[in-house]
Every structure is written in C-alpha cells, then in structure tokens.
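Letters A, B, ... are given to chains in the order of the sequence lines, protein chains preceding strands, and every chain is numbered from 1.
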Amino acid sequence: MSETKQDRPSYKNTLNLPRTGFAMKANLVQNEPASLKRWQEMGLYQRLRELGKSRKRFVFHDGPPYANGPIHLGHMLNKVLKDIVVRSRGMLGYDVPYVPGWDCHGLPIEHKVIQELGEQAKSMPAIQIRRKCKASVEKYIKLQSTQMQRLLTLGDYNNPYITMLPEYEAAELEVLANLVERGIVYRGLKPVHWSIANRTALADAELEYYDREDTSVYVLFEVANAPAGAAFTHLMIWTTTPWTLPANLAVAVNERYDYGVYDIGNGRRVVIAVELAPRVLAAGGHTGSAEPVSVLRGADLLCVTYKHPFIDRTGRVVGAEYVTLEDGTGLVHTAPGHGAEDYQTGLREGLEIYCPVKDDGTFDDTVPEWLRGVDVWTANGKVVEHLRASGHLFHDHKFLHSYPHDWRGKSPVIFRATEQWFISVDKPFEANCTTASLRQRAIDAVEKDVTFYPGWGRNRLRGMLETRPDWCISRQRSWGVPIPAFYPPEGVEGEVLLTPASVRAVAKLIGEKGTDVWFLSEARDLLQYYDPNADPDAPQWVREALADPNAAIRKGSDTLDVWVDSGSSWNAVVRRRFGDEAVPTDLYIEGSDQHRGWFQSSLLLAIGATARPPFKAILTHGFMVDRDGKKMSKSLGNALEVEDLLKDFGADVCRWWVSSLNTDNDIKVDLDYFKVAGEEYRKVRNTLRYLLSNLFDFDPKAHRYTFTETDASSIDAWALDELNRLTATVRSAYEQFAFRKAHEALFSFCNETLSATYLAATKDRLYCDAADSPRRRRTQTAMYDIAHALCRLVAPILPHTADEAFRTLIPDGEVCVHLELLPEQMPIRVNGDWQKVMAQREVWLKAIEDARQSMDIDNPLDCGLVIARTPELEAFDRVDLADLCGISRVEFADDADQPRVIDLRHEPRCERSWKRDGTVKQRSDGGMLTDRDAAALGLA
RNA sequence: GGGCUCGUAGCUCAGUUGGUCAGAGCGCACCCCUGAUAAGGGUGAGGUCGGAAGUUCGAAUCUUCCCGGGCCCA
C-alpha cells in the first residue's frame, strides 16, 4: 500500500483532459432571450425563406388563438408542437413558411369590454364598442406574440395574420360571396334568447340566472285522429311557459317509454307516461284509480294528431330522445319557434318555425283576438284562464325556478325565433361537374382526401358532419364582420339584397377601409362599388332605390359568426400569401375540440367556396388534465401558468417535455413532470458538453481521421453506426409527426449509447493516449461527427441548446444550426458482430459485478476478464472490449465457457491511467506506467 | 343521455395482424468512481396489463357489460 499520491510523480497535467466553454449549467432563463435576439437580428425567418426558394414547399397553416388573455398551457403545447413541425420539416429540406395568426372578433371580447364599460355601454354606439374591442385585442396580440416567441417558436411574427385587418375581412367576404353564388346561403328563422327590454338577441354568456315565480300548467290536448281501437281521448302536456302555447305545433314523446291511458272522468281518457302518472294525477286532485286502463309504447303514439286547445289547428305527436321522466307528463309541448330542442325537432319533422311574438314581446295578429298585442308575461295569465274556462286545464300551480335574465337589464328573457342567415348543408350545388350538397362533399373529402393523425379523427369529423344542422352564420353583435345585406326602404316590398356581386362590392370597400366603414356609412355609400345594372341577381327595388337619392336603403345589423372569420383563413392567408396551389394546405394542427370548430368551419367554407378541402392532413392533440386525469381549471386550483414554467424551467425544458408526450389523447400535467423533463434535459446537455469538451484540441480540417476497412471493428465505427440508426429513426419520426419517438430515441442515444457506453469506453484513450495518436484522433473524428449530427437532430426540439452547442462546436460566430439540414446516413463500414458484442457485454458486466461482490473488489480497474476465444470476438480489439467493461484487460481462453473475472490487485498499477494491463513497469522517470502511457510521454 | 376516445410497474410510455409481450427509461435501493464532479458508471427490486364475463388450444391484444377519465354534443 505504498502507492500514495504524495511520493509518486503526478501525471495529471500530462493528460488530455476535457475542457469547454459550454457550461454545465444551462441558465436557460437568462440565455434563451439572447438566442432569440440573435435570431431576430440575423433575420433567421427571412433567411430560411431565402434558402427555401429552391425547395419544395410544405405549407403548414396556423389556427388562430383567441386574443383575449395571456397564453395558457394548451397554447404552449399547441404552439410548441407546431414549431417542432415547422423546424423539423424545414430541416428535412422543405420550405416551411409559418404565419402565426389571431382570431379577433366575437362575443367573449365584446362581452368583456361591455362589462368593463358598465352602464355607459348601454348608450354607446356600436362603433365605440368596436374601438374598445380593437384596443383590447391589440393588447393581447402583443402579449401573446411575446409569449409565443419566448417559447422559441419561429414564424413571421413581423407580419402575422389578424382577422380584424381589412385585407382579411375582405378575403372573408369573398368566401361568403362564393357561397352566395352557390345558392346555399339563405335567411330563415331560428329561436334565440331574446331580450325584450333591449330588443336584441343574447348569447349564452350574456345570460344570468335568477329565481323567478311562474305558473306551470298541465294541459289536455284533445285527440283528433288516433289509431284504430285507441282507448284514449286526450294527451296531457306540461309547460312552465303558458305564453308559448299559441305557438304549439307538436307534442314530443320518447319512443322507448311506456305511456298509460288514465280515466280522469267525464269520459276523458288521457295519456301520461306511466312512471309520472301517479304524481301528475295526484297533483291535479284526481281521486279515482291511478291504474292505467291500458299501456302503450311511445312509438305507438307517433301517428296521433290532436286539436290545439284554443286555435283552430291540429298538431301531431313526434318522437324525441330528449324527452325524459324528470318532470311533467312525458309528453312535451313543442313550439319550434320558442325552444332550441323544439327547433331541432321542428327542422327534423318539417314543422314551421312559428313565432307569433314580435320583438317587443307582444303577440302579432296570427293569434286569437284575445291575445293580440298582449305581452307575453300578461299572456301567461290570460292563457291559463282561457284554458281553465274551456276545460283544457287539468292543473296549474305557481312555482319558483331558475330562469335566464338579461345580464344588463336584469329582465327575464324569452326564447323567440328570429330571422337569421344560414348556410345550407343539404342543398345540392353544382361544382366540379357533380351535383352534391355541402354535407356530402365534406364527408367525401374527409373520407378520401384528408389524412388524420390520429386516425380516429376521421370518424369523429365525419360523424359530426353527418348529424350537423344548417350553419347559422349570423349574430346580433357589434364586434364582428358585418353581413353585407341591404333591405328595402320602409314601406317598399322586396327581397333582401345579398348577391355575389353586392357582397363583392362591399368586400372591396371593406378591403380598403375596414369593417368600421359599415358602422359609419350610409347604405348608399356602402354600395358605391355596386352596379345593380351589372348584377343579374339584383332585386328590382335596388335599381329604383339607388336611382332615387331620397330612398332610404337600410343596411343589415347582423355580423358573421366568428367561425366564419377563422374558417376563411385558408383563403385570407394561405391562398392570398402563397397562391392558389398552396391550398389545400399540407397540415392543420389543433386540439381535438376543433373537429367541431375550426377544422369543420374551414372545411365547409372551403368546400362551399372552391369545392375542395382546405387541408390535406389534420393533426390533433388532446387536452391537459391534472395528474389524476381531471380537467384543468383555474377554479380547481390545479392549473399551471406558462409564465411560471418559463421562469422556473426555461423554454427548452418545456419543449423537451412537450416532445415527450403522447399527444393523441389526454395529457397529464404536473409540476413534477417538468422537473423530470429538466433532469432529462440536463442529461442531454451534459452529453453534448462532454462531446464538445473532448474536442478542445480537435480541428476537423487538420485532424480528421479517415476510416478504412480495418477500422470496421473499432468502437468508433460502432458509434457512428449507432448514429446512423439514430438519424434514420429521428428523421422518420419527424416525417410522421411522431415527436415522442424522436424524443425517446434522442434521449436513449445520449443516455445509453453515448454516456453509458461509448463515452465511458473511450475516456481512457482520449485522456491518456498521445494527443495525436491515430486512435485518439479516430475517436475525436467520430465524436465530432456525432456532435455535429446530434445538434441538428435535437434542434427542432431544443432550439436554444442545439444552437448553443453548435456554435461551440464551430466557433465561427456566423453559424446557426437552424440554417442546417438534418443529417443523412454516413458512409461507414462496421463489423456486423458489434450487436452480439454489445449483448455479450451485458453478461460480462453482470459477471464483473458478481465478482466484485464475491472477491470484495471495489474498483473495476482491478479486474480482468477471461472470455471464450471465438473467431467472431477475436476480430475485435481487446482494449476496446476491456474499456467497454471499464476493466483493465480482456484475455481470450479456449476453456472459458463462462466469462471469468480475474483479480489483478497483485499486479502493478499504472500511475497515469490507473490500469493494470500487464505492461506496467517502472520507466525512466521513475514512474510505474503502461507501455501506452510511457509512449505517450516519450519515455523508455 | 349520444358520438369519438383513453385507462399496462411509483411516474412517463412501448407493446404491428391474438401465441417467449409482460418491456424501456425515469424514479427508488444498494454499490463503485472522484481526471464529465451541483457530473459519471454498475447491479437490483417493482405490474394478477381498470374490473367482470365471454370467444379461443391460447388475450394486455377480439366481443359484451361495468367502473373511472377526456373532447364534442344533447
């Protein structure tokens, strides 16, 4: 035990120890903004567009987030995924323009602005509200843009698309004009929440629910025409809104329920759902038997018709799934003009969407005399009394229920059918030499022309298309793109003006002045580009009215559903910026909720306008849930903030986390997962750092080693072959948008192939060989190529770290890894038996571990290994094999069926390399050295 | 209530058309190194594949039902 460091020469400073300026600690939070700034200053996005001029284009189109707050985790996931696509496709050799966009119009923003304004909003003209909305949107676009760029996403942030800019709005109206030209835009009735006080439609977000006392009534409808042998005379319905009874056109039943016939006296046999009958009969004070005379299925009632209790008309029984046994009688009063479900039923059954209530809440002249001009609240009482008097009322009672109120006026709202604009999904139109409906064309496209990632997206989108109703595209709002419709002057009969030519004329004006012009100008001025004489579709009144300077043409006050805004982006952005051939776009990426939202609105508008889908492929990702799989929300307190994550971990760690996910379904989020991602990131970073640090004295121009046939069995050839495998895996993963696969391969390569195997095995030669030894230079050559390739392979995921490492590897000042392409396969000859050797290594390591336990050896360098002599193994360098096991030497033996570990502690130990390889002896400087170390020092 | 979808070791995930498929990494435990050091290496322990029934010679993998999530509707 005399080998103490004190009395022996120290060789540490004769070693080629690693050194590098690439810090172990990433300091992402400080350093990433510097990368961002560097890329901005060098015009990285523009330079990539320049490089891309000669390349095939891959058009990826961004779905616009809503500009109404800071970005959240969902945005982070979405934007990072998109950025990995953009960067990886670019490095695969495509030209990938990326134009980020923002969705600006719509109720949530208007709602928030109005709420902030408070009382004064009521008296404010639309144009003022719009200006406030615009300011709010601009604020959030700025914020979100900064945050997205902080996530190191690359795009045309200097020239994004913004749906409230005139050029966008004009392009959107062009799409509308095309749909009008197809003949599939029409005006029809639809019930909406209606504020009588404000004479306006309200959206769900504008409702507040308060308790209200109303009268609920059980009403008898006399059967007009029942199936032969039917034992009933009346149907009993229940409603809490007696004022809607004048609009009753049907009674809905659930076909699967049992309905009983009950004798309630005076020859009346009434139908009530069996399950509800006892309650109903008791409530009505019925004293007779509660046993049904007979029982039938809901389906058996479908052909029944009945007489309206106070209007001369018959209604009929229809089936509806929404009929439940919670309240009422199991027979639901249906007024298609006064209820959402009733409306759907009405559409399906071909009923009139009948609404006798005017915008001031009073009845029109289509109702009986005694109700005309009466407001609905007064009508409630009148209807009840009328029913009572005529013997149609079985029971009535006051009750308290939660009822929607206008959040501004606090007054109760009603459901009222109003005129709205629709896009028909079932009306066939001519295009591409075929006649088919929008629905059919969309389904065909989904079946044949669109690729879905994951595949089940196709089923989902198709299912939604199959069942969706006509698209109601009008909203009674201020903050949106106006529907450019014109109505004849008061007192003049005539159809509304909305023709392809008129829409295009207004689109031209809006393209110049923006949609504010609609709210600021007279109808006549809005039509300045419109020539009715050149428009064969122009209604007659338009020609006359435009010719008469005194005619007061009225402009419409509806705006377009915001989904028409974003759904037009394939035209407003892709086609306008990149030309006709850029549509269909190669890829859309959004959360799976967009099967109903943007994917569908884009698909319908593009097919309606061009008869082609807007995209070739759709990639969807799931939603964030917490670690228990529950929905994330601020109110539950389980939401993480993007700002915090960026501050605590940095963008590259967040991106590394995103790339680790299986994004097909729900995505669990928890702070701990970011810590794990941080650990993995450090591993990757350290691996890169170690590669770089061992290249400190390597100049590829001067020192590159040329591999030959004889190097095929070297561990360096093995490592380069592994790099080729990695390259193939990662390229393929990027091509298939399988980022998790790329992530896994990259991590495994850094962690196992490099850190635990190759770098551990080559450490000795890098440190102890003569700096210029061919063996060392060969390893450095391999490591250089590996580092160079690895930087590029991780660049789409870790843009900052990859560039930092790349710039360390090539200390030129000018390079940027994001201007490079992904590596290709390198020509390298490798001994195919390496795979077997690596499998054997597992066995050897196990044997060594066992021996260290049984022989009480601490340091593996005190071990040698005897292994079977086979022609296969003898092709390999025994030093390589020993280094792979971290031991001093390997010997072959004919009798070594099982690997045999030998204790070398009795042999001399090299004071420089710490190996006991059998060549250690005292050298001319007095030190104990191996032959290799002596040679490295030039000693005899 | 309906459509689509998910539920594999503590965690994140692989598991093609049913037959060594019960796997990987992380984490954890133990050990080593101290010339990648707020680093590095080795070994090991963990799961009746959400539950039940069924089809089959054989199922994590097919069918049905149930339980628990998610998105979108109602």
Side-chain angles (χ1 to χ4, degrees), chain A residues 10-20 22 24-25 254 256 320-324 326 340-341 344 454-469 591-597 600 620-632 657 660-662 664-670 672-673 675-677 679-680 682-683 685-694 740-741 743-745 747-748 750-752 754-757 759-761 763-764 766-768 841-842 844-850 852-853 856-863 884-887 912-914:
Chain A
S10 168
Y11 292 101
K12 182 163 178 174
N13 55 11
T14 71
L15 298 173
N16 314 301
L17 291 181
R19 51 175 187 262
T20 176
F22 187 86
M24 182 177 281
K25 190 161 165 26
N254 192 316
R256 296 171 303 165
E321 279 294 312
Y322 57 78
V323 175
T324 67
E326 307 266 312
E341 290 176 329
Q344 294 298 337
W456 50 258
R458 170 175 285 116
N459 273 343
R460 188 156 196 229
L461 187 48
R462 186 187 48 213
M464 289 174 171
L465 288 166
E466 281 166 351
T467 57
R468 71 155 299 143
S592 59
D593 57 334
Q594 300 304 334
H595 285 112
R596 177 155 297 273
Q600 198 175 145
T620 54
H621 58 252
F623 275 69
M624 303 281 189
V625 295
D626 69 14
R627 63 184 306 152
D628 299 318
K630 299 286 171 61
K631 183 199 297 241
M632 296 214 91
W657 172 74
S660 78
L661 303 167
N662 175 348
D664 286 0
N665 294 106
D666 305 342
I667 294 148
K668 287 190 184 175
V669 196
D670 192 84
D672 285 346
Y673 305 162
K675 291 178 185 161
V676 170
E679 288 301 311
E680 290 190 1
R682 283 151 56 91
K683 186 78 194 193
R685 182 180 179 86
N686 249 319
T687 303
L688 278 168
R689 174 171 184 266
Y690 187 74
L691 289 171
L692 296 170
S693 68
N694 277 294
R740 182 186 155 69
K741 209 167 158 187
H743 170 105
E744 204 165 27
F747 183 70
S748 167
C750 289
N751 191 32
E752 292 163 64
L754 292 182
S755 187
T757 308
L759 301 182
K763 185 181 290 195
D764 170 80
L766 288 168
Y767 293 179
C768 304
R841 174 174 176 260
E842 305 279 316
W844 300 336
L845 286 173
K846 177 83 173 81
I848 291 162
E849 185 68 18
D850 289 347
R852 284 178 52 217
Q853 297 297 319
D856 198 28
I857 302 173
D858 280 342
N859 194 331
L861 280 176
D862 291 338
C863 295
L884 275 168
C885 297
I887 58 178
R912 185 161 177 273
S913 68
W914 303 330

- Hey, does A:K763 reach any base, or is it just sugar-phosphate, or nothing, if we go heavy atoms under 4.0 Å? base
- CD1 of A:I887 versus C1' of B:C33: gap in Å, rounded? 16 Å
- Task: Identify whether the glycosidic angle of B:G69 places it syn (within 90° of 0) or anti.
- Result: anti
- Donor-acceptor pair, A:N16 side chain versus A:L766 backbone, under 3.5 Å? yes
- With a 4.5 Å limit on heavy-atom distance, are the side chains of A:S693 and A:F22 in contact? no
- Side chain to side chain, A:Y673 and A:D670, heavy atoms closer than 4.5 Å: yes
- Task: Spell out yes or no: do the side chain of A:T687 and the base of B:A36 have one donor N/O and one acceptor N/O closer than 3.5 Å?
- Result: no
Detail all sub-3.5 Å separations between protein N/O atoms and N/O atoms belonging to nucleotides 67-74 of chain B.
from	atom 1	to	atom 2	distance (Å)
B:G69	O3'	A:G629	O	3.3
B:G69	O2'	A:G629	O	2.2
B:G69	N2	A:D666	OD2	3.2
B:G70	OP1	A:K631	N	3.3
B:G70	O4'	A:D666	OD2	3.1
B:G70	O2'	A:D666	OD1	3.0
B:C71	O2	A:R460	NH2	2.3
B:C72	O4'	A:R460	NH2	3.1
B:C72	O2'	A:R596	NE	2.7
B:C73	O5'	A:R596	NE	3.4

- Task: Return the value, rounded to whole Å, for the distance between atom CG of A:D672 and atom P of B:C13.
- Result: 14 Å
- Length of the line joining A:Y767:OH and B:A39:P, which is rounded to integer Å: 16 Å
- Considering only the P atoms, how many Å lie between B:U16 and B:G7, rounded to the nearest integer? 12 Å
- Query: Could you state the CG-P distance from A:L766 to B:G40, rounded to the nearest angstrom?
  - Reply: 17 Å
- Could you tell me whether A:K25 contacts a base, only the sugar-phosphate backbone, or nothing, with contacts defined as non-hydrogen atoms closer than 4.0 Å? nothing
- Task: Could you tell me which residues satisfy salt bridge (Lys or Arg N to Asp or Glu O under 4.0 Å) with A:R460, sequence neighbours excluded, listed by chain and number?
- Result: none
- Same-atom distance (P) from B:A39 to B:A14, integer angstrom: 29 Å
- Close side-chain approach of A:H621 to A:L661, heavy-atom, < 4.5 Å: no
- Which value, in whole Å, describes the distance between the P atoms of nucleotides B:G2 and B:C66? 9 Å
- Message: Under 6.0 Å from the ring centre and within 45 degrees of the ring axis: does the NZ or CZ of A:R912 meet both conditions for the six-membered ring of A:Y767?
- Response: no
- Query: Quick one: does A:F623's side chain get under 4.5 Å of A:K631's, heavy atoms only?
  - Reply: no
- Query: Which is true for A:L15 with a 4.0 Å heavy-atom rule: it touches a base, it touches only sugar-phosphate, or it touches nothing?
  - Reply: base
- Task: Could you check whether A:R912 gets within reach of a base, just the sugar-phosphate, or nothing at all, counting any heavy atom under 4.0 Å?
- Result: base
- Shortest non-hydrogen contact from A:C885 toward A:I848: CB-CD1, 3.7 Å
- Item | Spacing between A:K741 atom NZ and B:A24 atom P, to the nearest angstrom | 19 Å
- Message: Taking only the P atom of each, what is the distance from B:C6 to B:U17 in whole angstrom?
- Response: 13 Å
- Message: If a pair means Watson-Crick or G-U wobble with both distances below 3.5 Å, what does RNA chain B look like in dot-bracket form, with | marking bases paired to a different strand?
- Response: (((((((..((((.....[...)))).(((((.......))))).....(((((..]....)))))))))))).
- Item | A:R689 side chain near A:T20 side chain, heavy-atom distance below 4.5 Å | yes
Atom pairs, protein N/O to nucleotides 14-16 of chain B N/O, distance under 3.5 Å:
from	atom 1	to	atom 2	distance (Å)
B:A14	OP1	A:N662	ND2	2.7

- Message: Taking the C1' atom in each of B:G50 and B:G69, what is the distance between them to the nearest angstrom?
- Response: 11 Å
- Task: Would you please determine if the base of B:A39 is stacked by A:Y690, with stacking meaning a centroid separation under 5.5 angstrom and planes under 30 degrees?
- Result: no
- Note on the structure: Heavy-atom nearest pair, A:I667 first then A:G622, reads CD1-O, 3.9 Å
- Looking across every strand, which nucleic acid part, if any, lies under 4.0 Å from A:S755 by heavy atom: base, sugar-phosphate, or nothing? base
- Note on the structure: Correct closest heavy-atom pair for A:C750 and A:T687 would be O-OG1, 3.6 Å
- Is there side-chain contact between A:V625 and A:K630, with heavy atoms separated by less than 4.5 Å? no
- Would you mind reading off the distance between A:I667 atom CD1 and B:G7 atom P, rounded to a whole angstrom? 14 Å
- Which nucleotide in B:G40, B:A39, B:U12 has an atom nearest any side-chain atom of A:R682: B:A39
- Task: Verify the contact: side-chain N or O of A:K12 to OP1 or OP2 of B:G35, cut-off strictly under 4.0 Å; return yes or no.
- Result: yes
- Within this structure, what is the NZ-to-P distance between A:K668 and B:G10, rounded to whole angstrom? 12 Å
- Task: Report yes if some heavy atom in the side chain of A:L754 is under 4.5 Å from a heavy atom in the side chain of A:L691; otherwise report no.
- Result: yes
- Item | Atom P, compared across B:A60 and B:C71: separation rounded to whole Å | 31 Å
- Query: Given that A:S660 and A:P18 both sit by RNA chain B, which one's nearest nucleotide is further toward the 5' end?
  - Reply: A:S660
- Item | C1' gap between B:U64 and B:G70, integer Å | 23 Å
- Message: Using salt bridge (charged side-chain N to carboxylate O under 4.0 Å, His left out), reason through A:R740 and A:E744 one step at a time and then give a plain yes or no.
- Response: CA-CA 6 Å; A:R740 182 186 155 69; A:E744 204 165 27; 3.5 Å; yes
- Query: What string of B, S and - do you get for nucleotides 25-32 of chain B, 5' to 3', if B is base contact, S is sugar-phosphate-only contact and - is no contact with any protein heavy atom under 4.0 Å?
  - Reply: SS----SS
- With A:H743, which residues qualify under side chain to side chain donor-acceptor pair (under 3.5 Å), at least two apart? A:S659, A:E680
- Going from NZ on A:K668 to CG on A:N662, what distance comes out if it is rounded to the nearest 0.5 angstrom? 12.5 Å
- Query: Taking atom P of B:A36 as reference, at what distance in whole Å does atom NZ of A:K683 sit?
  - Reply: 13 Å
- Task: In whole angstrom, give me the gap between the P atoms of B:C65 and B:C28.
- Result: 44 Å
